[in-house]
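What follows is a set of notes on a single structure, which appears directly below.
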Amino acid sequence: MNIYQPRNIRNVVLLGHSGSGKTTLAETMIFESGTSSKRGSILQKNTISDYREIEKEKEKSVYSSLLHLDWRGTKINLLDTPGSPDFWGQVSDSLYVADSALVILNSEAGVEVSTEAIWKATEQKSLPSILVVNKLDSEFSDFQKTVDMAKESFGRGVAIVQFPYSEGEDFHAIIDVLKMTMYEFPEAGGRPDKLPIPESQKAQAELLQNELVEAIAENDETLLDLYFEHGKLDEYQMRDGLILGMQQREIFPLFCASAGRNAGTGRIMSFISNVSPNPLQRSMPLKSGENHTISPDDSPSFFAFKTISEPHVGDITFLKATGGELKPGDDLINMRTDNGIRLGGLFINQGSKRIEVNKVIAGDLAVALKLKDIQAGDTVAGKNSDLEFEPIQYPDTTMRVALRVKKEGEEDKLANALHQIEREDPSVEVEQSQELQQTILHGLGEEHLNVIHHLLKERFKLDVEFMTPRIPYRETITKKVEARYKHKKQSGGAGQYAEVYLSIEPWYEGMPDRNDLNVRDVQELDLEWGGKLVFQNCIVGGVIDNRFMPAILKGIMDKMAKGPMSGCRARDIRVSVYDGSMHSVDSNEAAFKTAALMAFKEGFLNANPQLMEPIYEVEVTLPADYMGDVMSDLSSRRGQILGMDSEGSIQKVKAIVPLKELDQYTTRLKSMTQGSATYSRNFHSYAPVPQDIQKRVMEDTLQVEEG
Ligand SMILES: Nc1nc2c(ncn2[C@@H]2O[C@H](COP(=O)(O)OP(=O)(O)O)[C@@H](O)[C@H]2O)c(=O)[nH]1
Ligand SMILES: [Mg+2]
């Protein structure tokens, strides 16, 4: 295996809607470069990238894959990602380490919802991006429509470098306006013949070349001057302009391909090698807020972007070398844990295969085996380094499910398996909810959760059941009440005595102070489950000793944690202790705790208690055609529309919807829109549950207490 200098390395992430042809394109590029001698296909389930059983079964990518190829002395590392939003956790890590992107558009469909969302992500990372219009051989291919949609969605920066001579069944040639050449492909695809542009296409080619030249010159004054002077730019001047324009995200060159027919990849690889940035030309974000520029002259360091584990191999760490040269035997430090890390075997990765290397130079993507206690997001560097990269941002989860093992006694095994799954896929969140008495799995959609189910079964040999998770309801009160309780017990020896008077009110931000009471001390407690308890000591004349106040608060808190009405947690209440009595011998903390708990409970139940439910703010991104269906579905879920927005042909709807109504929403949305919509959600607030629903809920939550 050759060792490549950083300037001869390109780290390219393949992005696009599911089915646009990313995996096929990667396969074709690797084959066309001669790095692999056979070209696999999705249908034959033998691509280098989609090698896992579940990917063969689904005939699509579920995990991102690290691949590489050599194109005329340049090492192109390809990060092939899944397009389905369920697996976007896999996109996050690949985006993080890539230095440029290939965004694949399916010419049958143009810009799709996922393309739109993925584009946002490239924007956030200021990632230089090349567009590839794929599937030009398809009978449904529509190049012009795809380009129009791309311009509408991504702006004027979209610059056509190539257009097809003809598309559909007859697709066989691509006209390149940068080279002013036509590439004609043999029947079986592969290396094209270079031909002059046919007379019939000349005018169109010249028009597009002018547009391209103007777009390029626009970003660079020197080029602009040259352009005005000579009326044109030569290929090398254009290349310089493109490099700059791409880095500033002013220009998004657009290429043509049929990955299926093995057409167009050679030119794309040359362009990547000539124009796309190398790892030294891009910086990586540090925790400190500064940026780090990779240099082979620094001391060795790397960023771990993914960890997986394989039977017979153990832990596999995917890394980007961020400084110097990494070599087996190097002793480094994990900056998160401060623990030492000794490098063992280092490898270049090709799907499921690894090729051992004796060093990895800064900028390259590679794999290290058997590193101890390492996870995605870790920075590993030399002893005195203060390098620490910003963590990878994963998408917010959109779906939750409760799970339990079917066989008793396998709970620990499940916990371990989930821990491992979470580590390998940080877009999964496992919550052991004390409150709901359930293990809850949060993920990015039904398909994502089903893959976890599959993993638990196949890899961890665990039979688990998925259930609808309970809702974390809250209780509160709606009116002010007074409550008192005297706790008195005389049994044999020492007795128990305590009496408290409480004033209990609904708490809200900015509520007035109690002028009618002698407020001596206020404790404002932020409850761990959200909301507040404000506790006021208003005792006059020492009728209750200060030393009993913590016990009184404890009694109230115990009841807040297990609400008087349904057992759900209570919130947003102000309690003032304003009177009571004690006994010189029989009063103690336990007695005051009990008295407070009882008084609080009684008062609470008299204060028109109200059940509250969590409300989420959701944002649905969808093609305009489905707007009506999605809106009426949202209102049937007690949703309130907050606003609408459109970007090109893509619409966005914002609404607030109770969590209770969001069970299975991802699945419903998918079926309603034929998989073309995505959605995100964030906790918004707690709101009162309507009375008719409250009754049903109470039955449910009573089961929680029993369960
Ligand atoms: N006609 C045609 N089909 C293609 C082309 N590229 C990919 N496909 C097919 O489209 C489907 C999805 O391709 P895949 O590479 O898995 O897309 P990905 O989800 O973006 O990785 C597969 O059935 C491919 O065989 C192409 O250029 N032309
Ligand atoms: Mg794929």
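Ligands are counted one by one from 1 in listed order, and the atoms in each one are counted from 1 as well.
Contacts with ligand 1 closer than 4.0 Å are made by side-chain heavy atoms of D137 only, the backbone lying farther away.
Using a 4.5 Å cut-off on side-chain heavy atoms (C-beta onward), Y96 and K125 make contact. The closest side-chain heavy-atom distance from E27 to S41 is not below 4.5 Å. Looking at heavy atoms from C-beta onward, T115 lies out of side-chain contact with M149 at the 4.5 angstrom threshold.
Between V12 and I272, the shortest heavy-atom distance links the atoms CG2-CG2, 3.9 Å. The shortest non-hydrogen separation linking S646 to Q651 is CB-NE2, 3.5 Å.
In terms of polar-atom proximity, L43 is not counted as a contact of ligand 1, lacking any N or O under 3.5 Å from an N or O of the ligand. Residue T23 has at least one nitrogen or oxygen atom sitting less than 3.5 Å from a nitrogen or oxygen atom of ligand 1, judged on distance alone. Note: no N/O pair closer than 3.5 Å links D50 and ligand 1 by distance alone. For a threshold of 3.5 Å applied to N or O pairs, the pair formed by G19 and ligand 1 contains at least one separation below that value. Any N or O atom pair closer than 3.5 Å counts here, and T24 shares at least one such pair with ligand 1. In terms of polar-atom proximity, defined here as any N/O pair under 3.5 Å, N134 does make such a contact with ligand 1. Of the N or O atoms in R261, none lie within a sub-3.5 Å distance of an N or O in ligand 1.
The number of protein N, O or S atoms lying under 2.8 Å from the Mg ion (ligand 2) is 2.
Under the 6.0 Å distance and 45° angle rule, K320 does not count as a cation-pi partner of F305.
For atom 16 (O) of ligand 1, the nearest non-hydrogen atom from the set I42, L136, T47 belongs to I42.
Between Y665 and Y679, the angle of the ring planes goes over 60°, which puts this pair in the perpendicular group of the 30/60° scheme. Classified by interplanar angle (parallel below 30°, tilted 30° to 60°, perpendicular above 60°), the ring pair F87/H448 is perpendicular. F389 and F303 have perpendicular rings, their planes meeting at more than 60° on a 0 to 90° scale where under 30° would count as parallel.
No salt bridge links K60 with D50; every basic N to acidic carboxylate O contact stays at or beyond 4.0 Å. With salt bridges taken as basic N to acidic carboxylate O contacts below 4.0 Å, one links K306 and D93. K58 and E447 are joined by a salt bridge, as a carboxylate oxygen and a charged side-chain nitrogen come within less than 4.0 angstrom of each other.
Residue A259 has at least one heavy-atom neighbour below 4.0 Å for each of these atoms of ligand 1: 6 (N), 27 (O). Near G260, the atoms of ligand 1 lying under 4.0 angstrom from a non-hydrogen atom of the residue are 5 (C), 6 (N), 26 (C), 27 (O).
Note on residues 254-267: pairs passing salt bridge (charged side-chain N to carboxylate O under 4.0 Å, His left out), not counting sequence neighbours, are E169-R261, D176-R267.
For S18, the heavy-atom gap to ligand 1 drops under 4.0 angstrom. Ligand 1 does not have S41 within reach: every non-hydrogen atom of the residue lies 4.0 Å or more from it.
Two rings, from F252 and W119, have their centers less than 6.0 Å apart.
At the top of the distance list for atom 18 (P) of ligand 1, counting protein heavy atoms only, stands K22 N, 3.4 Å. The nearest protein atom to atom 17 (O) of ligand 1, hydrogens excluded, is given as G21 N, 3.0 Å; this is a heavy-atom distance. Looking only at protein heavy atoms, the nearest one to atom 4 (C) of ligand 1 is K135 CE, 3.6 Å.
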